[in-house]
Enquirer: 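If you scroll down you'll find the structure; I have some questions about it.
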Amino acid sequence: MPTFYDRSAALVTLGCKVNQSESEALGRRLSERGLRLVPFDSSADLYVINTCTVTATADRKSRQLIRRARRHNPSSLVIVTGCYASVHRSHLHSMAQADLVVSNDSKGRLADLALEALGRATRTASGVAAPADVGAAPHGHTRAFVKAQDGCADFCAYCIVPYARGRPTSVPAQEIVSRIRSLASQGCQEVVLSGVHLGSYGADQDHSSPDLYDLRRLIVEILRDTAIPRLRLSSLEPQDISPGLFELWRDPRLCRHLHLPLQSGCNRTLARMRRRYTCQDFASLVEEARRAIPGVSITTDLIAGFPGESPEDFLESLAFIEGVRFARAHVFPYSPRPGTLAAGLPDQVPEPVKRERCARLRAVSQQSAAAFRRGFLGQTLEVLWEERAVGNRWSGLANNYLRVSAESALSLTNRITPTLITALEGEGLKGSVLA
Ligand code: SF4
């Protein structure tokens, strides 16, 4: 098996946490085979662009990154993968900037394909040095994304993901547990359990089997069988949350953060989007979460200007969203994805109207986010410190996903410390390390 100790690779990832977990796994495999991982903006022998196609902006960024890679090193090997690569394969071929296009269903073989192609491209390479970071956990051992699930069969009217990622599949629980055990033994402090439709974990199993898993059982086993200090969940679809799931948060290792994509606060729009809950269901869920998980941060995704969203629908949605008081909202203008149901719906909303609605949604969300942050002034949060920003200034993530900075002469990388919150700072908080 050839090794590539004199070669470098740069990976860049757009989109969801599943893409991030897949890039981390790929980085690990390339690094095990001797490739040196370098920042994307440097000159590398291999570039992998793990793309996203969830919006028109994601498409544009994917194309820009491909062109950027080619500019950084015109003789490099450029591989494009991810959802943009799966859905717009022919466009990528016509762009002629990528050497290899690997769709999501072949992503598991990407490291082998890359090494094979790199071997062909660099047959004259010589010189072997010892690998510096074989088997290293990503992010300097601090946080890692572990993929538990892929694919979706919900076919929400606006969403391209079921076409880009295919049917739901779950990673066997024992594989996930052993991966997390290994990360914990390498010093990783936080695992983000990721899935395209994480709440449907286990739905693809043989239902006649006596040994069925769902998300609840998976979480219970991770907490029981690993020593990972923190476990965070990626996005959960509101309809997937089973009664009593929030009781699991009695274990303080589960991060007090829930990302629940609402998309619209108007029942008529939700129905047209083919979402499987109503605003009332969502409000009850939020109430239950806040009761069961004190201090929980509830974040969301919102779409402005879905086809047929009338001014009244929008105002109803805005009022509902204001009432929920999200800790953060990602607001997107509706962007038609060719091939989806919504792209062919009548009453498409003009772009300037979408922009104006986005601005109003962002204003409301920014207010509730600031109020949420203010609620922690004078309180102590557990912060996982990631890196020294400048001088003695450190940056880290609180258990509830708020970014915190602090001054400290101590070496805090990869430590979780109680931190007294003293001020608001940008979209985060400022604190004073207590230990
Ligand atoms: S649940 Fe809906 S929005 Fe989420 S990935 Fe599936 S189709 Fe897309």
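Index from 1, following the sequence. Whatever order the structure lists ligands and atoms in, that order sets their numbers, starting from 1.
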Enquirer: Among all protein heavy atoms, pick the one closest to atom 4 (Fe) of ligand 1 and tell me residue, atom and distance.
Expert: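 Protein heavy atom at minimum distance: Glu237 OE2, 3.0 Å.
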Enquirer: Could you work out, with side chain to side chain contact (heavy atoms under 4.5 Å, CB included) as the rule, every residue matching Asp225, not counting sequence neighbours?
Expert: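 For Asp225, the residues satisfying side chain to side chain contact (heavy atoms under 4.5 Å, CB included) (neighbours in sequence not counted) are Val177, Arg181, Glu221.
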Enquirer: Going from CD1 on Ile228 to CD1 on Ile222, what distance comes out if it is rounded to the nearest 0.5 angstrom?
Expert: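 Output value for this atom pair is 9.5 Å.
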Enquirer: Let me have the donor-acceptor pairs involving side chains of residues 166-173, under 3.5 Å, with sequence neighbours excluded, atom names and distances please.
Expert:
{"from": "Ser170", "atom 1": "OG", "to": "Gly202", "atom 2": "N", "distance (Å)": "2.9"}
{"from": "Ser170", "atom 1": "OG", "to": "Asp204", "atom 2": "OD1", "distance (Å)": "2.5"}

Enquirer: Any idea how many protein N, O or S atoms are nearer than 2.8 Å to atom 8 (Fe) of ligand 1?
Expert: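 With waters ignored, the protein N/O/S count below 2.8 Å is 1.
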Enquirer: Please work out which of the three classes, parallel, tilted or perpendicular, describes the rings of Phe320 and Phe282, given edges at 30° and 60°.
Expert: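 Plane angle over 60°, so perpendicular.
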Enquirer: Should you measure from each heavy atom of Arg275, which atoms of ligand 1 turn up under 4.0 Å away?
Expert: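 By the 4.0 Å cutoff, the relevant atoms are 2 (Fe), 3 (S).
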Enquirer: With sequence neighbours excluded, tell me which residues meet salt bridge (charged side-chain N to carboxylate O under 4.0 Å, His left out) with Lys61.
Expert: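 Residues passing salt bridge (charged side-chain N to carboxylate O under 4.0 Å, His left out) with Lys61: none at all.
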Enquirer: Below 4.0 angstrom, N of the basic side chain to O of the carboxylate: do Glu116 and Arg109 qualify?
Expert: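 Here Glu116 does not pair with Arg109 in a salt bridge, since their nearest N and O are not under 4.0 Å apart.
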Enquirer: Flag the pair Gln263 / Tyr277 as yes when at least one side-chain heavy-atom distance between them is below 4.5 Å, and no otherwise.
Expert: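 Yes, their side chains come closer than 4.5 Å.
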